[in-house]
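Only one structure is covered here, and it is reproduced in the block below.
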Amino acid sequence: RVNMEDYDYLFKIVLIGNAGVGKTCLVRRFTQGLFPPGQGATIGVDFMIKTVEIKGEKVKLQIWDTAGQERFRSITQSYYRSANALILTYDITCEDSFRCLPEWLREIEQYANTTVVTILVGNKIDLAEKREVLRQRAEEFADSQSMLYLETSAKESDNVEKLFLDLACKLIREA
Ligand code: GDP
Ligand code: MG
């Protein structure tokens, strides 16, 4: 394949969801293999890059984390604009983070591109004994909103690689 770039596809992926659900940990686990993420490392960094290979094609993922803006509900249009995919994250041990999902969906509706691919992620499955949101309930909600659904643990590295690879596969299919 003749390609001037060092990749075949470039996708922008944006993480959203309540503060504390594990967005930064998921990104760091995937891009750096670390848990917990290094202290202070996010300062001044808007996004992380990781290139994966899918069926022989190089897929460059530009992954945008929020640097704490979600605490002030000040994430705006610029953050969603040009996102190819959104990872909407909640914490399975925090009912409140699940109940806020409709608010996030309204923001997506308002600001994101209509072609955006959204995956719902229930994080912290290593804390199974503290689970507040049943898997079936989350699956049904995701289904009703035409979202993919996956449960992860940034801490144990469960499904983290799969999350980004599944997303990349879906983005390639729809590109
Ligand atoms: P963010 O505000 O959404 O970026 O959340 P962080 O990534 O900063 O994580 C918030 C807290 O949850 C931190 O104390 C993390 O150590 C913890 N955390 C994140 N992911 C997991 C996980 O998969 N399992 C457990 N047990 N704790 C996690
Ligand atoms: Mg964070």
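For ligands, and for the atoms within them, numbers begin at 1 and follow the listed sequence.
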Query raised in the report: What do you reckon, does Asp65 have a nitrogen or oxygen under 3.5 Å from a nitrogen or oxygen of ligand 1?
Result: no
Report task. Run the numbers for me: atoms of ligand 1, each under 4.0 Å from some heavy atom of Leu127, listed by number. Result -> 26 (N)
Report task. Indicate the atoms forming the closest heavy-atom contact of Ser153 with Asn123, along with that distance. Result -> CA-OD1, 3.6 Å
Query raised in the report: Do Lys58 and Tyr9 meet the cation-pi criteria used here (NZ or CZ under 6.0 Å from the six-membered ring centre, within 45° of the axis)?
Result: no
Query raised in the report: Which residue from Arg29, Lys124, Glu156 reaches closest to atom 12 (O) of ligand 1 through any of its heavy atoms?
Result: Lys124
Requested in this report: Heavy-atom contacts with Ala19 under 4.0 Å: which atoms of ligand 1 show up? List them by number with element.
Outcome: 2 (O)
**Report entry** Proximal ligand 1 atoms for Ala154, defined as those under 4.0 Å from one of its heavy atoms
**Finding:** 20 (N), 22 (C), 23 (O)
Query raised in the report: For ligand 1, does Asn123 get within less than 4.0 Å through its side chain, its backbone, both, or neither, judged by non-hydrogen atoms?
Result: side chain
Query - Part of Asp126 with heavy atoms under 4.0 Å of ligand 1, whether side chain, backbone, both or neither - result: side chain
**Report entry** Heavy-atom nearest neighbour of atom 10 (C) of ligand 1 within options Gly17, Cys94, Gly20
**Finding:** Gly20
Report task. Give the numbers and elements of all ligand 1 atoms closer than 4.0 Å to a heavy atom of Cys25. Result -> 7 (O), 9 (O), 15 (C), 19 (C), 20 (N)
Report summary line: Minimal heavy-atom distance between Ile54 and Ala168, with the atoms involved, is CD1-CB, 3.4 Å
Report task. Please work out whether the ring planes of Phe141 and Phe98 are parallel, tilted or perpendicular, with thresholds of 30° and 60°. Result -> perpendicular
Query - Ring geometry between Trp64 and Tyr79 (parallel below 30°, tilted from 30 to 60°, perpendicular above 60°) - result: perpendicular
Query - Side chains of Leu15 and Val27 in contact at under 4.5 Å (non-hydrogen atoms) - result: yes
Query raised in the report: Can you hop from Val133 to Ile16 via hydrophobic side chains spaced under 4.5 Å?
Result: yes
Query raised in the report: Between Lys23 and ligand 1, does any nitrogen or oxygen pair lie at a separation below 3.5 Å?
Result: yes
